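Worksheet: one structure, shown below.
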Number of protein chains: 2
Amino acid sequence: MRLDERKFMILQAIIDDYITTAMPVGSRTISRKSGVGFSPATIRNEMSDLEELGYLDQPHTSAGRVPSVKAYRLYVDHLMKAARLSGEEKKRMQEHLNRRSDQVESVIRSAASVLSDATRYTSVIVAPKLGSLRIKHVQLVPVAERTALIIIVTNAGIVKDAVIHIPEGLDADHLYNISRTLTEKLADKPLDAVRQTFAEMLRDAESNRRLLGDALNAIEQKLGGQDALDVVIGGGANLLNYPEYSDVEKAKSFFAVLESKDKIRKLVSRGGGMEVTIRIGPENGVPELEDCSIVTASYRVGDDAGGTLGIIGPTRMNYNRVISVLDFMGRALSEALSDRK
Amino acid sequence: MRLDERKFMILQAIIDDYITTAMPVGSRTISRKSGVGFSPATIRNEMSDLEELGYLDQPHTSAGRVPSVKAYRLYVDHLMKAARLSGEEKKRMQEHLNRRSDQVESVIRSAASVLSDATRYTSVIVAPKLGSLRIKHVQLVPVAERTALIIIVTNAGIVKDAVIHIPEGLDADHLYNISRTLTEKLADKPLDAVRQTFAEMLRDAESNRRLLGDALNAIEQKLGGQDALDVVIGGGANLLNYPEYSDVEKAKSFFAVLESKDKIRKLVSRGGGMEVTIRIGPENGVPELEDCSIVTASYRVGDDAGGTLGIIGPTRMNYNRVISVLDFMGRALSEALSDRK
DNA sequence: GTTAGCACTCAACACTGTCGAGTGCTAACG
DNA sequence: CGTTAGCACTCGACAGTGTTGAGTGCTAAC
């Protein structure tokens, strides 16, 4: 038995219907649809075939049918027609995104909320690994008696800074000199290499040990520690709008997953490339979310570092729309984060 | 009819029981409690009196009784004995809070999560109004061809910075001079006055118009715009653990309130002072949350600016513990934010 | 003043029958 | 031979029913 034209059509109709209603769909419903010229009985026969082929599941004997993971896969890979976002919508997203575009972190936060608002699902954005950005220059600026700001400027134009303590008696000139040395030593090195280079400097330089140590700590904390933005989630409560989560227990376990960075990271560990990746149901590898799908795309910062943005929703999500939104936002985000000189 | 000793005791027992079980409590339950030497029948008589006095409600004829708002009020104002946090617990909270103490924003975020973890309710922290902090000095640092970092140091040691665009051809010396001028003009003025002073400078200074305008925009955005941290919420999903929210609709409306900054702000608009404020049920003024209580305390940054921290939970929340946690965290947070030289 | 006894109330629960949506199968139709 | 009408069957949803148990209020006795 093969999937002929008509089976495709019927399957598509079932999926479309199920995506909007979340109710098992019966033969009558399909038969009534415009564009389908067959009686319920015929549809039933076809549905029976589709079930045998593994594209449909039946919750129980006298219920309608529900698309299986296999069906969604087929749908996503072959049946789906790409949705176009209206220009107006694109514009609106852009605006909401651009409004705050000073720090990487706040751009990402706003992107997450734009994503979840636009899709009505839950969004996840993993911050870029900034480690591969290269340092352009480093500067120490005195701010108070024994405090300075260390500023690191990278090739992507992103600035990281941190407040550090400095030994007494270091005046602006001193700091300026140290800055020059630091810049010389660090220029063109990736941020990842800061630790090592600092360590070397600590070994060599007798004086200013304290200063260098503090600076190193501060920077490390910014880049890789608690302070570094990691994964941002938007619209967690959105999923409560779907009947799949009308059970509080389910909702709770969903929120529990959202709070576990490990699981989130696992969820969005991406397939690579700028392409949109779709993981349907159990494919996502997190058992608690086996009836969720996750769609991810990626974005870049400058030419090196990149991160992932994604949408988590029920398996019957509107893949169509989600894909276009992610695709668009991936580009928009890359632009917002890279074009900052 | 007056509230005698025994009525107090019984009321207290009822409240205690209800707070832990969330089930209407009957006369038998109270009678069985150690320390109560009366039969259910006697308790019933007393409960009947208490109901008449407005301290108890009866969901329906043959159910147990439930404390009324008036009862909680009495409990909170007179019956409750202050809980002591164990040293161990205090230490744990301190540690979780202190771990990241570089930027105001991240300290507040971590405080929110400490609060919600410690209480198992939802926490809200309103960021301090930084506008009343006074400027100590201002500095422009070149970071790239046409970009500079503007750094504002305040008397509380808090540093705000923003990336701005600068006109071509301004070298480090120029910027240094401008910084000096800015510092002179702005020193000792509150951040709130920046706008006005800048405006004056814009009028006077013929050159560097662009630069000043950009700087003003950037700073404004940082202080009062989208970028300024406003209100942070922690543990929103915590409330799902309580039977009060086993209904998804209720949970949804709760989350809706959490997403509305206006309502949150209304919720935590504080009664003033370092004192802990308690609003029970409808007292909080937000109809959607009429069966939630909110307990707030405040914290300070330096000597001027202050913010509010609070806990939202069901009316039958563990006021006792919540109050001690808030009190402790209020101090801890003030300390963490002020002691930063 | 306290308590035992008793009739009463009401939510929760399990059970039952009905209804309707949906199915599979078979036979008839074009 | 594909399509369709007809029919028996299945099963969840729902409403109605009786039972149980927790809890109450009242009264009379201690």
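In what follows, chains are A, B, ... by sequence order, proteins preceding strands, each numbered from 1. Being a predicted model, the structure only gives us computed values, none of them experimental.
- Taking 4.0 angstrom as the limit, B:Arg44 places none of its side-chain polar atoms (N or O) nearer than this to OP1 or OP2 of C:dA4.
- Side chains of B:Glu244 and B:Arg316 form a contact here, defined as non-hydrogen atoms less than 4.5 Å apart.
- Note on B:Ser27: a side-chain N or O is less than 4.0 Å away from OP1 or OP2 of D:dT24.
- The CD1 atom of B:Ile30 sits 10 Å away from the P atom of D:dG23 (whole-angstrom rounding).
- In this structure, the NZ atom of A:Lys7 is 10 Å from the P atom of D:dT3, given to the nearest Å.
- OP1 or OP2 of D:dT4 sits under 4.0 Å from a side-chain N or O of A:Thr42.
- By the 6.0 Å contact criterion, CZ on A:Arg28 is open, its count of non-hydrogen atoms from other residues, nucleotides or ligands being 12 or less.
- Phosphate contact (OP1/OP2 of C:dT23, side-chain N/O of A:Arg28, threshold under 4.0 Å): absent.
- Separating the CD atom of A:Gln58 from the C1' atom of C:dG22 is a distance of 8 Å, rounded to the nearest angstrom.
- Taking 4.0 angstrom as the limit, B:Ser62 places none of its side-chain polar atoms (N or O) nearer than this to OP1 or OP2 of D:dT24.
- The interatomic distance linking A:Glu51 (CD) with C:dT23 (P) rounds to 10 Å, in whole Å.
- Atom CG in B:Asn45 sits roughly 14 Å away from atom C1' in D:dG23 (whole-Å rounding).
- Whole-Å rounding puts the B:Phe38 CZ to C:dT3 C1' distance at 12 Å.
- When each of A:Val25 and B:Ala41 is assigned the nucleotide of DNA chain C bearing its nearest heavy atom, the one mapping closer to the 5' terminus is B:Ala41.
- Counting only heavy atoms from C-beta outward, the side chains of B:Ile312 and B:Phe254 approach each other to under 4.5 Å.
- Within the cation-pi definition used here (under 6.0 Å to the ring centroid, within 45° of the axis), B:Arg120 does not qualify as a partner of B:Tyr242.
- Atom CG in A:Asp57 sits roughly 16 Å away from atom C1' in C:dT23 (whole-Å rounding).
- Between D:dT3, C:dG24, C:dC10, one nucleotide has an atom nearer to the side chain of B:His60 than all others, and that is C:dC10.
- Residue B:Ser39 places no side-chain N or O under 4.0 Å from the OP1 or OP2 atom of C:dT2.
- A residue-by-residue look at B:Arg6 and A:Gly64 shows that B:Arg6 has its nearest nucleotide of DNA chain C further toward the 5' end.
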Kindly determine whether B:Phe255 and B:Tyr245 satisfy ring-ring contact (aromatic ring centres under 6.0 Å, His included), including the steps that lead there.
CA-CA 11 Å; B:Phe255 283 113; B:Tyr245 286 90; 8.6 Å; no
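- For D:dG16, the paired base is C:dC15 (Watson-Crick or G-U wobble, both distances below 3.5 Å).
- Taking atom CZ of residue A:Arg32 and atom P of nucleotide C:dG22, one finds them 8 Å apart after rounding to whole Å.
- With a cut-off of 3.5 Å on both pairing distances, the Watson-Crick or G-U wobble partner of D:dA28 is C:dT3.
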